[in-house]
Structure formats: C-alpha cells, structure tokens
Participant: 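Mind looking over this structure? Questions follow.
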Amino acid sequence: MQRIMVCVYSLLAMVLLYSDSVDVDASGLLEKAPVSDTCPQVRMKPAGQCKDEEECPYQITLPPLTIQLPKQFRMLEKTMKELQNLKETVRQLRSICLECREQADMGLHKDSTETSDKGRGDVHTRGPGNDSSGIAIRDIQVKMSRMATSLKNARGQINTMQGRLDELSHQSLGKMEAMVISKVENITSVISRLNNTCSSQCPVLASPAHIRVPSDCSDYQVMGQRKNGVYQITPDPKNGTFQVFCDMESYGGGWTMVQQRINGSLNFNRSWTDYKKGFGDVHGEFWLGNDRIHLLTKTRDMVLRIELEDFDGVREYAKYDMFYVANEFLKYRLSVSGYSGTAGDALHFSKSFNHDQKFFTTPDKDNDMYPSGNCGNYYGSGWWFDACMSANLNGKYYHKKYKGKRDGIFWSTWHNMTSEYYPTNYRQAFKTVKMMIRPKNYAP
Ligand SMILES: *[C@@H]1O[C@H](CO)[C@@H](O)[C@H](O)[C@H]1NC(C)=O
Ligand SMILES: *[C@@H]1O[C@H](CO)[C@@H](O)[C@H](O)[C@H]1NC(C)=O
Ligand SMILES: *[C@@H]1O[C@H](CO)[C@@H](O)[C@H](O)[C@H]1NC(C)=O
Ligand SMILES: *[C@@H]1O[C@H](CO)[C@@H](O)[C@H](O)[C@H]1NC(C)=O
Ligand SMILES: *[C@@H]1O[C@H](CO)[C@@H](O)[C@H](O)[C@H]1NC(C)=O
Ligand SMILES: *[C@@H]1O[C@H](CO)[C@@H](O)[C@H](O)[C@H]1NC(C)=O
Ligand SMILES: *[C@@H]1O[C@H](CO)[C@@H](O)[C@H](O)[C@H]1NC(C)=O
C-alpha cells in the first residue's frame with residue numbers, strides 16, 4: 001500500500017502552548033523555569049515597554065504543530081473532518097487560554113503597579129525595603145501560581161489532544177487496511193462466483209469461446225476435434241465426468257455413442273443395476289448406462305440415430321428428432337418421436353407395439369406392459385419393453401440367421417422382415433448396431 005505522508009501545518013499553531021511553570025522566588029525574583037521536554041521551542045519574552053513602568057506585556061511564541069497522517073484513499077476525507085472537529089476543539093481551548101492569559105496579564109499589571117519603579121518586568125532592580133512591596137510580592141506569587149495552574153491545565157489538554165491525534169492516525173490506518181482487505185475479499189468472492197457460473201453455464205452455449213467443460217461429443221466437435229475416439233464429458237457439472245466414445249466422422253460428427261454391438265463379445269442379459277450403471281468397453285461393445293443417458297438427454301434436447309447393418313452388408317438407419325430417458329425414479333421411461341430414415345419406425349410399430357413412453361425393464365425388474373410375465377427375462381435383455389416388442393437392440397447377438405425364440409437383436413421394420421418365417425423360417429440377425437445421440441440444434 002502506497003503511503004504518502006500528508007503534513008498538516010499550522011492547524012493548531014494558534015494554540016496557547018505555554019507549558020513551563022512560572023515561579024517567583026522568595027526574593028520576588030520572577031524567572032522562566034527551564035524549558036520542558038514537550039515544548040522545547042516555546043519562547044516567552046518581553047514585548048514592548050512597560051507602561052507606567054508597571055504594565056509589562058509578554059509575548060509567547062509557539063512552534064507550528066506538524067501532524068503526520070498516512071495516505072488514505074477515501075478515508076482521508078473522513079479524517080479531515082475529524083481534524084476539523086479537533087481544530088474546533090483547539091480553537092475553543094485557545095480562547096479559554098487567551099482569557100486565562102488576559103487574567104494573568106491583568107494580574108501582572110495590577111501587581112506591577114505596586115512594585116518598584118525601575119524598568120519593565122525586571123523586578124530584580126527593585127530595592128528591597130517597604131511594607132507595600134512585601135504585600136505586592138505575595139500578591140504576585142498568588143497570581144502567578146494561579147496562572148501556572150491554568151497553563152498546566154492547558155498543557156494537559158493539549159497533551160490529551162496530541163494523544164488523540166496519534167490514535168486517530170493509527171485508527172485511520174487500521175480502518176483503511178481493514179477496508180482494503182474486505183474489498184479484496186469481496187472481489188475474490190465475486191471472481192470465484194463468476195468462475196463457478198462460467199464453469200456450470202458456459203458449456204450450454206454452443207459457441208467455442210464459451211465451452212469450458214464439454215457436455216457431450218458435439219462440444220468437442222465445435223472445439224475442432226475431428227477424430228473418432230474416447231473423450232471426457234460432463235453433461236451436468238453437479239454429477240461428475242465420464243468417458244464416452246465420440247463418432248466425429250459420420251453424418252456430420254459430434255455423436256455421443258450410447259450403445260454398440262459389433263461382434264457379440266458382450267452379454268446383454270444383465271441386471272437392472274448393470275443397465276443403470278452401464279457395462280462393456282466404449283471402444284467395443286457397451287451400454288453407456290441409463291443414469292448417463294438420462295443426464296445427457298436431460299441437459300440438452302437430443303436426437304437419436306440408430307445404425308443397423310445385417311450380415312448381407314445392408315445398412316439402414318432410423319433417426320428420431322426427440323429422444324429422452326427419464327431418471328431412475330421414473331424407471332428410465334423412454335420418450336421418442338420424430339422418425340425419419342430408411343430402417344423404418346420400429347419403435348412405433350403399431351398401437352399394440354409402441355415403445356414410446358414405456359419404462360425400462362430388465363430380467364430382474366419387470367416394468368413392462370405384459371401382464372403375465374417379464375419381457376426382459378423372456379428375451380434376456382434390458383429394454384423399454386411394451387408387451388413385449390417391435391424392436392429390441394439389446395437382444396442376443398447372433399452371428400447368423402437363427403431359428404426359434406426371437407431373442408436376437410430385432411428391428412421389426414427391417415426390409416424382408418415379413419418374409420422372416422417364410423420360406424426359410426430363419427430369423428434376421430444383425431452384424432452391427434449403433435445408438436448415438438447429438439444435440440437437436442447442433443449444426444455441423
Ligand atoms: C519596607 O518594607 C521592609 C520590609 O520588606 C521594611 O523593613 C521597611 O521598614 C519598610 N519601609 C518602610 C518605610 O516602612
Ligand atoms: C462486500 O459485499 C457485500 C455484498 O456482497 C456488501 O454488503 C459489502 O458492503 C461489501 N463490502 C465492501 C467493503 O465493499
Ligand atoms: C476457477 O475454477 C477452477 C475449477 O472449477 C479452479 O481450478 C480455478 O482455480 C478457479 N479460478 C479462480 C480464479 O478461482
Ligand atoms: C448423480 O449421480 C449419482 C451417482 O452416479 C446418481 O445416484 C444420481 O442419481 C445422479 N443424479 C442425477 C440427477 O442423475
Ligand atoms: C470384439 O471387439 C472388441 C473391440 O474391437 C475386441 O476387443 C474383441 O476382441 C472382439 N471380440 C471378439 C470375440 O471378436
Ligand atoms: C439370462 O440370464 C439368466 C441368468 O443370469 C438366465 O437364467 C436366462 O435364461 C438368460 N436369458 C436368456 C434369454 O438368455
Ligand atoms: C430381401 O430384400 C432384398 C431387397 O432389399 C431383395 O433383393 C431380396 O431378394 C429379399 N430377400 C428375400 C429372402 O426376400
């Protein structure tokens with residue numbers, strides 16, 4: 001903190017500051033006592049001639065009072081006000097002291113009329129010798145001691161004021177420091193608040209300059225990432241960061257992978273807890289996890305894209321403009337609509353087979369619409385079963401067409417599906433399945 005010493009001169013210069021005691025010795029000798037420590041420069045000297053050889057005015061010279069104050073930004077004004085008050089006090093004191101000096105002068109004057117005739121206040125020249133002189137000297141002694149008392153009082157008051165001034169300057173310094181510290185603390189808290197606001201809100205904006213914590217793969221795309229791979233995302237800063245596989249190359253990129261089947265290496269006949277938390281390896285086959293899918297679809301309006309490929313190398317897709325998975329309390333209920341694509345809208349196959357608004361069911365948790373059994377258990381899969389299904393992308397991975405219970409990966413609107421039973425009685429198998437999501441307002 002920069003400090004400039006502000007010197008206030010002469011503010012109190014007019015204070016009657018005659019701090020020395022005045023004594024008259026037994027022989028009537030009037031003299032100035034030795035100069036005291038507090039006011040070394042006070043001078044008292046005769047001023048002019050004694051009138052009528054009796055009136056002998058004295059002049060008292062006081063040194064200017066110098067007060068040193070620290071620089072204080074806004075406190076300076078306040079301090080100046082206090083100084084003004086102090087000045088007023090001093091002025092009053094001064095007038096009191098002037099009165100007291102007048103009294104003293106009058107006393108001197110009166111006394112000196114009765115003292116000898118030789119020269120000003122130089123009573124030493126008086127000859128000793130008569131009754132009236134003795135009375136006069138005693139009178140002088142009384143007057144002078146009264147004056148000394150008055151002056152002593154004045155000195156006491158002035159010392160008190162001096163102390164107050166010192167204290168004031170200390171206090172001001174302390175106050176100013178406290179104020180600066182508090183300001184700095186305020187600024188720090190504001191900065192950290194802004195910081196928090198930024199880290200939680202800025203990623204919602206789709207501008208690269210504002211993305212601090214990528215919320216999903218599209219943020220990495222916006223930031224210039226163009227390579228498929230595993231990235232860290234934070235859909236909700238309050239609920240942690242996790243890794244996902246991002247498809248940055250297909251269909252404009254920015255896709256967050258939710259599910260993938262590529263070679264049947266992973267068992268999808270799993271418990272509620274497994275589906276909740278996710279399983280598998282994001283590089284290969286996996287289910288991202290219902291909690292994470294919920295977080296992702298809760299944070300932003302998401303589009304779902306489903307990619308299917310059969311063992312004949314036929315690839316088709318289904319795209320839904322709206323995809324939302326509720327939280328666990330609502331049994332991860334599916335909301336899906338706005339189909340477009342080539343694979344057909346198998347999620348809304350018919351009135352009796354419609355996966356929209358259906359709860360999630362696993363072999364160990366029956367939330368489906370089938371009254372006398374668990375579709376998840378029957379098909380060995382976790383899915384938004386109706387009663388039971390026109391689509392099930394978490395079915396068993398068959399490496400080729402199969403016969404029997406239709407527990408494989410299923411998409412009811414796949415081409416040729418109506419010929420599934422005839423003439424071969426074989427069921428369709430899929431080589432690859434991908435489920436991926438991207439913000440609805442994303443523009444590649
Ligand atoms: C003057 O006073 C002294 C005592 O201070 C006394 O001795 C002397 O007698 C007085 N003179 C006269 C004339 O009374
Ligand atoms: C610090 O901020 C609070 C409110 O955030 C305010 O009430 C207080 O006056 C501020 N302190 C200073 C020294 O600015
Ligand atoms: C802002 O927040 C981040 C973590 O969210 C922290 O690492 C960083 O130190 C903070 N910056 C300031 C100036 O508080
Ligand atoms: C946040 O994460 C915890 C643990 O993964 C989970 O229990 C909780 O439900 C999540 N909260 C939300 C809002 O998804
Ligand atoms: C399946 O694919 C994953 C990832 O590419 C690979 O690690 C794994 O070995 C494959 N398993 C089989 C049985 O092909
Ligand atoms: C799923 O796994 C359970 C054992 O965990 C098994 O009893 C059941 O038959 C399996 N379902 C299917 C369709 O494979
Ligand atoms: C399946 O459909 C394709 C055209 O998508 C057709 O060429 C093929 O003959 C059909 N297969 C059967 C078994 O119907």
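We count ligands from 1, going down the list as the structure has it; atoms in each ligand are counted the same way.
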Participant: Which protein non-hydrogen atom lies closest to atom 4 (C) of ligand 5, naming both residue and atom, and how far is it?
Facilitator: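 Protein heavy atom with the smallest distance to atom 4 (C) of ligand 5: G284 CA, 3.9 Å.
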Participant: Return yes or no for this condition: an N or O of H283 is under 3.5 Å from an N or O of ligand 5.
Facilitator: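 In fact, backbone or side chain, H283 has no N or O that close.
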Participant: Is the NZ or CZ atom of R292 positioned over F242's six-membered ring, under 6.0 angstrom from the centre and within 45° of the axis?
Facilitator: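 Yes, a cation-pi geometry.
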Participant: If we set the cut-off at 4.0 Å for heavy atoms, which region of D281 has an atom near ligand 5: side chain, backbone, both, or neither?
Facilitator: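 Neither part.
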Participant: Please report the C-alpha distance between D236 and K298 in whole Å, then the side-chain angles of each, then the deciding distance to 0.1 Å, and finally whether the salt bridge (Lys or Arg N to Asp or Glu O under 4.0 Å) criterion is met.
Facilitator: CA-CA 9 Å; D236 180 350; K298 178 190 79 166; 3.3 Å; yes
Participant: Return yes if a side-chain donor-acceptor contact under 3.5 Å exists between T361 and N367, otherwise no.
Facilitator: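 No - no donor-acceptor pair under 3.5 Å links their side chains.
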Participant: Please state which protein non-hydrogen atom is closest to atom 2 (O) of ligand 6 and give its distance, to 0.1 Å?
Facilitator: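 Checking every protein heavy atom, the shortest distance to atom 2 (O) of ligand 6 gives N269 ND2, 2.1 Å.
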Participant: Using heavy-atom distances, let me know which of S381, G380, G395 sits nearest atom 13 (C) of ligand 6.
Facilitator: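 Going through S381, G380, G395 one by one, G380 has the nearest heavy atom to atom 13 (C) of ligand 6.
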Participant: Is any side-chain heavy atom of V433 closer than 4.5 Å to a side-chain heavy atom of Q259?
Facilitator: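 Yes. Closest side-chain heavy atoms under 4.5 Å.
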Participant: Which ligand 5 atoms does I262 reach within 4.0 Å, using its non-hydrogen atoms?
Facilitator: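 The atoms of ligand 5 under 4.0 Å from a heavy atom of I262 are 2 (O), 5 (O).
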Participant: Tell me, which protein residue and heavy-atom name are nearest atom 11 (N) of ligand 5, and how many Å apart are they?
Facilitator: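 The answer is N263 ND2, 2.9 Å.
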Participant: Is R315 close enough and on-axis enough to Y317, meaning under 6.0 Å and within 45°, for cation-pi?
Facilitator: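 Negative - R315 is either too far from the ring of Y317 or too far off its axis.
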Participant: Give a yes/no verdict on a cation-pi contact between R333 and F360, requiring under 6.0 Å between NZ or CZ and the six-membered ring centre and an angle within 45° of the axis.
Facilitator: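 Output no; distance or angle outside limits.
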Participant: For ligand 6, which atoms have a heavy atom of Y379 less than 4.0 angstrom away?
Facilitator: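 Once the distances to Y379 are compared, the set is 13 (C).
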